[in-house]
4 protein chains.
Amino acid sequence: MSDQRVVYLPPRRPKDECGVFGIYGAERAPQIAYYGLFALQHRGQESAGIAASDGQRLKAHRGMGLVSEVFDRSLLEGWESHLAIGHVRYSTTGSSSASNAQPLVIRYRHGRIALAHNGNLTNAAALRDALESRGSIFQTTTDTEVIAHLVAHQCGAGLEAALVAALAQVEGAYALVVMNEHGLIGVRDPNGIRPLSLGRLGDAWVLASETCAFDIIGAEFVRDVAPGEMVIIDQTGLRSRQALPAGRPSLCVFEYIYFARPDSNLDGRNVHSVRKALGAHLWRDYPVEADLVTGVPDSSISAASGFAEAAGIPFEMGLVKNRYIGRTFIQPDQGTRTAGAKIKYNPLRKVLEGKRVVLVDDSIVRGTTIRQIVRLLRDAGALEVHLRISSPPYTNSCYFGIDTSAPEELVAASKTVEEIRRETGADSLAYLTVEAMAEAIGLPADRSCVACFTGEYPVNIQGAHRKLVMEGEENRD
Amino acid sequence: MSDQRVVYLPPRRPKDECGVFGIYGAERAPQIAYYGLFALQHRGQESAGIAASDGQRLKAHRGMGLVSEVFDRSLLEGWESHLAIGHVRYSTTGSSSASNAQPLVIRYRHGRIALAHNGNLTNAAALRDALESRGSIFQTTTDTEVIAHLVAHQCGAGLEAALVAALAQVEGAYALVVMNEHGLIGVRDPNGIRPLSLGRLGDAWVLASETCAFDIIGAEFVRDVAPGEMVIIDQTGLRSRQALPAGRPSLCVFEYIYFARPDSNLDGRNVHSVRKALGAHLWRDYPVEADLVTGVPDSSISAASGFAEAAGIPFEMGLVKNRYIGRTFIQPDQGTRTAGAKIKYNPLRKVLEGKRVVLVDDSIVRGTTIRQIVRLLRDAGALEVHLRISSPPYTNSCYFGIDTSAPEELVAASKTVEEIRRETGADSLAYLTVEAMAEAIGLPADRSCVACFTGEYPVNIQGAHRKLVMEGEENRD
Amino acid sequence: MSDQRVVYLPPRRPKDECGVFGIYGAERAPQIAYYGLFALQHRGQESAGIAASDGQRLKAHRGMGLVSEVFDRSLLEGWESHLAIGHVRYSTTGSSSASNAQPLVIRYRHGRIALAHNGNLTNAAALRDALESRGSIFQTTTDTEVIAHLVAHQCGAGLEAALVAALAQVEGAYALVVMNEHGLIGVRDPNGIRPLSLGRLGDAWVLASETCAFDIIGAEFVRDVAPGEMVIIDQTGLRSRQALPAGRPSLCVFEYIYFARPDSNLDGRNVHSVRKALGAHLWRDYPVEADLVTGVPDSSISAASGFAEAAGIPFEMGLVKNRYIGRTFIQPDQGTRTAGAKIKYNPLRKVLEGKRVVLVDDSIVRGTTIRQIVRLLRDAGALEVHLRISSPPYTNSCYFGIDTSAPEELVAASKTVEEIRRETGADSLAYLTVEAMAEAIGLPADRSCVACFTGEYPVNIQGAHRKLVMEGEENRD
Amino acid sequence: MSDQRVVYLPPRRPKDECGVFGIYGAERAPQIAYYGLFALQHRGQESAGIAASDGQRLKAHRGMGLVSEVFDRSLLEGWESHLAIGHVRYSTTGSSSASNAQPLVIRYRHGRIALAHNGNLTNAAALRDALESRGSIFQTTTDTEVIAHLVAHQCGAGLEAALVAALAQVEGAYALVVMNEHGLIGVRDPNGIRPLSLGRLGDAWVLASETCAFDIIGAEFVRDVAPGEMVIIDQTGLRSRQALPAGRPSLCVFEYIYFARPDSNLDGRNVHSVRKALGAHLWRDYPVEADLVTGVPDSSISAASGFAEAAGIPFEMGLVKNRYIGRTFIQPDQGTRTAGAKIKYNPLRKVLEGKRVVLVDDSIVRGTTIRQIVRLLRDAGALEVHLRISSPPYTNSCYFGIDTSAPEELVAASKTVEEIRRETGADSLAYLTVEAMAEAIGLPADRSCVACFTGEYPVNIQGAHRKLVMEGEENRD
């Protein structure tokens, strides 16, 4: 019917992010964790899990899929626990493994602990080598298991001390929530690369990757856990200690740009508002005459509306996103005209026809989808398509918990802006500068992690290239 | 932990809409139908089905769930057919029944036919009584089965003639797609209450409830099927006939207000643009001083942005919707502070705090959710909440394919606007008038169906109160 | 690894048998039906279903799979009914269809009825043609739907009278259990080809295809329903009428030979005892010098032990059957030495080695499996293999509810006993004569249906060759 | 309806047995492992798994359920491996855990290994304590993980040496199959408590818990692996070494009595033949005047037929077992007359009525089911029921891989034979003596493990009472 080559669209953005949650001191803690994870679901759809304790027994359930698929009422009903942690993990493409689902529950000399981790250790492979040379065995490919081993290798009795000692050996990014039968610990890496917030629900304490998890359960935001800080919550209340000397504060800016939910606040800044400011700066620095502004839904809507507001150009819904993309969707074959991007996005001809369009996107990683989207806009009658990216060129791989493509797949790593423009087919293309981005966020570049844009990593990444891949573990469920 | 009563939110809107699709003359017709149904998925998530023919054999597969759940590649691969129809059906609350899934496939004296139907017959119960008194048996509770019986009772040989004769007995709303081994027929009721469009994909003809299904497969929109028109597509090409004398054109305005996808065009009008105009008229007629305008996502975003644009008040994302509400979600218990609406919507405090807010919603049916949403906005710091509804008060049940609540559940049927305002807790409340709505849509009220707002039904609804309920059929799969 | 051709074994025996169950007057009738169907599970593993009524509402649930898979506790718990019927259907190979699952529940002019049917109508296609010419539509390929139509076409009000009138038009075999909201009816065809027994459980009445269903629920056997008899059970108690003039009594002898459970009694004769007698007659008529007797498990064990007992030759377990053959078992490829029969049966070398073996099987249909089994015995060291079949040569297709292969696939239809012997590789082969079989069963051949052995059908089979196939219905669930 | 208390029958026998399989040198090794596991399915239905290597990469797949449920063709098709191991695990009652499924695949300093284990270590808890005090962490509750840790803690490079050193620290019973990317190792504990046989399939070597796994794949039995022997199979062929000094040979007699398939040969003795001999000795020592002998199907059929043959009393099928007991079967409530045992067994009244019956069972563990079965026989008309048990009184818990009930639940541990007889309601009861059993098996009691009958354990069981329970791990999948 057609000789047009069609390709199914992989997710447009980095993966391997995770979300963590913890609660101490509430009746029905696992049920509350369920809703907390539900609010964090955007941070990971591959697997979900909850561990809980009634002070005596530590139970856990983990599974592949969404929170609502992994848990049903009957499963949570028996758990009369006041203490729980939870985890959601990003969906990868098929080699995902049930044995990597978290929380990781282990038994060691001092009892049982459960760990939920968001982040990535840059020296995990080296640590694993060292642990293996001491006789340790590994059953997953997660960094979390490395941390568990390090905890278990400490001599002292207390989980708190052991965790501090373990983390002293670790480099990289982590927001970690750990529990044993009796208490809950939250800790963030010395640079605070991955977010972790502290909240209060009545007398209970809550920890979560993002504040939207507090909102859903009606908890109050208290403060962010500080870089290198450890909070210990048990029957004596909450204690805080500087577990590790704080390094340069380096909150991941990509949380603002793409990952976090717009209704979350990170480091005191609302994500939606930040994105609007990014859009406004984009207009300020790269204005263009146009009839309307649109954004790639859903992630770029905030930035696009900020651009439009600053520009005084109408913001318009130029693309409608199909809400029913399932995990088992059949990819179009060659021989149908159904281009990959069309499955997901439909351009609004009546809106676009004969118009000069500004298309705002939050970032360009490989550049394959945006090219198709530009073409969809043109096919729908857009006279001009001006691409505006609400972040700088993405040139470096992330080693702190975001599984971006390899450097050679990052289009901005090897191509100039003009080359990328030509490839995407846009009439003009502009990225924010790192400085403008920092200004828009209100967070100086030297107080955040902008390594994916600059290559200046806040943490030593020697050895981070070795991944904890363990192929035999694939496809286990 | 809390004595606050929590209630899980049922779907906010009417249900029982369906989507239909048909294609003749394309290789891989069932595969194309799959993508067409995928684009129509918003019209029904309860069940999906495809019937197809290679000119000799009519095959069908139907199942409960989303299109992507009911079909996998292996299932469609064997089907080398040039002719296919498909159907999606709305998700009802539990008593949904596998035996009601469509297309309905029957064998009758002249072979096999498959039928896919969107709409509701107002004289279905009476027709069924008459058929039963002639000895007919019923295995489903669908109107579609009534039509099938009527077709089978005609004496002549041809499907086309039999269908015309059958529909002559039928009252109500229907967009119907029917096939036998050899050809495809699409027909719309004399008033054209439910939409049906005709498109072209290369040499193939396509029928669909909405034009967004043409976009996804790369088909061109040709025209809408006219009220009472029947199009017959087979190896001789496409023929059209006025199957039934056209009545007063009465396209359902609720398609514009809520049902249809914003990227679809109905009767030549783009749905998103219509919704913006509805919002603009709402401002024109009921202006209010405010700091920002927001809408209930996703259905009210277009209207809200139209309101904002007309008002010159900034449009803001005041509510973030959770995208992962699954069908098996555990409802919150009493004893958690998780109010029902909070599961689905999170207000953006940073946006709302200290602001006078206009909240646009497309309609109020029972009024339970909007009350919770108004409260969420206030709890998030909104100083004032002005509710603007982009349609008139919903006062009458629909008998044309939309399963709204019974009249006594429609809050506007028994309460004044002021009473509803008080119930919702809004500072002000205004609805569009029928006239303003008609003007905004560009479709005179006497050329559309506005019965849910006026009680003036374009078709006799005597007997429409009797539903084809057949309780024994529940829970079959 | 090997060039030996391997073939997966299809089921060794005819399929398409079904089991029916009915109960009136017991608390928890659907739960009791569940156990009754469980006892009848050997009669059908493709689908299962239960319909029930509390005197007001008729409910039903049906599904693909075993009784224990289709129903779970929660499903049955809500059903407070005193009246229920149930059905199990045989597993066919893939084109099985959810829409054929029974009980069939229909609505007709006088309300709702549910039908569960075991048997086959020989004039179903003709009846369907007639019904179609009067305007009837068909949604399944079951005879049951034909009966439902005939019932609905009767003018009188009562179900009983309508059913009698409907069955007067029907030819063939049926054991039918029918209910409406108020009562239960059981009826058997005029020749009594398919079995149906009546039992009592306290004050309740029970109907079942086999008496083993009475045993599991603790019911007492009362008597068999007579050929052409209808029993009507409602709040006034049980009434019996001769619904149809009794024909020649013709209970299917294959129920004795293979289908029925050994612990069931048919027409007063215990199936296991009958099978032993068949084995004993086989020895009497075809003795052979041998060291041991064995049977193909499980169906031929009774006959083999009867042979052994009569012969005074030790009965031995010569073949062990794997109990875990699942429906999704992966068939062995060429290139493994795993012959098809070996998956299912393992010969006991220690028992067989150096021995002259009598192998008893209940019948030979196509002859493919028995050839493999004979070879297995030889490979395990059997010196001689003497095949003894506890029934006559199977030469004619059954049209009364047993889906045997087409005549051309029946090995005995075209080959002599000596030819079959050579094909199977046995040292000797003998079948029972029809006379000896009748004598062993204690049921004269002219008072039973032995058509598969003689071709003398008790009922006109003109037109029985046309099947109600409706290919479009395949694969629906 | 009835006041009779009904109880669902738990499995009648000990659980927690497992089956192991290994193959080196065959094309399609994982596919062959699939059939091998299928033949061993009776040893475990909870979970199944296969690990495989093509010499470079070690892959694994494990899951809950039967072999045929865990694997489908597509899953095995990609695996072009010449080396594979497999494992089946017994079904426990609900707290079964996906993370305990085997083979266990680990990464350690020298690469990856997979382990499949049948047995139980008596010093596992102590070893785990020691490992934990050195910093090891545990993620499962299996002994296999303890062995993996011990292997990883050895300093030398070779898997073979490390495994030998690891097993030197281990006490208890094990038949272990281990692989890395390059080779296959099989090893049996010094007492040879659990069975492991070596076979040949063309040029390939095969290891399996039972010889029936050789039969299904067409492999030749070579010999049993000797107590304490290790066989190492790789590209250089097969080597054998005495890994551990052989202790007193102590093959578990319960394998003969109940566990193993009748078609397997253990230590050169066919299991079916042994069971017949046990039955014959039972008659010799405890004769009784009776009309027929029957056995509890399926496990006691061999013994019962041996008894009958020796006694010259007819063997009869007195009980018919339902073959469709599923894992999700609904247990009967109080208020139905459906006694638990009746669900599973139906007595054959025509066979039993008016008869003096010998009922042979292989063992009595708790005594609850046999009491119900005796009652079933009496209710079916048996005049006398003489219970004969083809093993001695079961008085001691097993610590070698069979999860019998706690000692206080073993009826013979606290009651005399006469008390048990009274409890079961039998007219007489006799058990085999240990000596007679040994004689029948042909294996002196001092060369086998008969500890469950005598309390004389071949291995130190100090500390065996502590189980590796890790409750938090429950319900993970």
Is the CD atom of C/Glu353 crowded by more than 12 outside heavy atoms at less than 6.0 Å?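 Yes, the 6.0 Å shell around CD holds more than 12 heavy atoms from other groups.
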For [X], is it the side chain, the backbone, both or neither that has a heavy atom under 4.5 Å from a heavy atom of chain D?
X	value
C/Leu76	side chain
C/Glu309	side chain
C/Asn265	side chain
C/Ser305	neither

State whether C/Asp215 and D/Arg349 are salt-bridged, where the test is any N-O pair (Lys NZ or Arg NE/NH1/NH2 against Asp/Glu carboxylate O) under 4.0 Å. no
If every non-hydrogen atom of [X] is compared with every non-hydrogen atom of [Y], which pair is closest and at what distance?
X	Y	value
C/Met317	D/Ser302	CE-OG, 3.5 Å
D/Asn346	C/Asp263	ND2-OD2, 2.6 Å
D/Pro262	C/Leu348	O-CD2, 3.3 Å

By ring pair (Phe, Tyr, Trp, His ring centres under 6.0 Å), which residues pair with D/Phe214, not counting sequence neighbours? none
Answer yes or no: is there a donor N or O on one side and an acceptor on the other, between the side chain of C/Lys350 and the main chain of D/Gly268, under 3.5 Å?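 Yes, because the side chain of C/Lys350 sits within donor-acceptor range (under 3.5 Å) of the backbone of D/Gly268.
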Is there a donor-acceptor contact under 3.5 Å from the side chain of C/Asn322 to the main chain of D/Phe38?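 Yes.
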Taking the side chain as every heavy atom from C-beta outward, state whether C/Arg323 and D/Asp298 have any pair of such atoms under 4.5 Å apart. yes
Heavy-atom distance under 4.5 Å between the side chains of D/Lys342 and C/Tyr35, does that happen here? no
Just give me the residue among C/Asn270, C/Val67, C/Leu319 that pairs up with chain D most often, heavy atom to heavy atom, under 4.5 Å.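 That would be C/Asn270.
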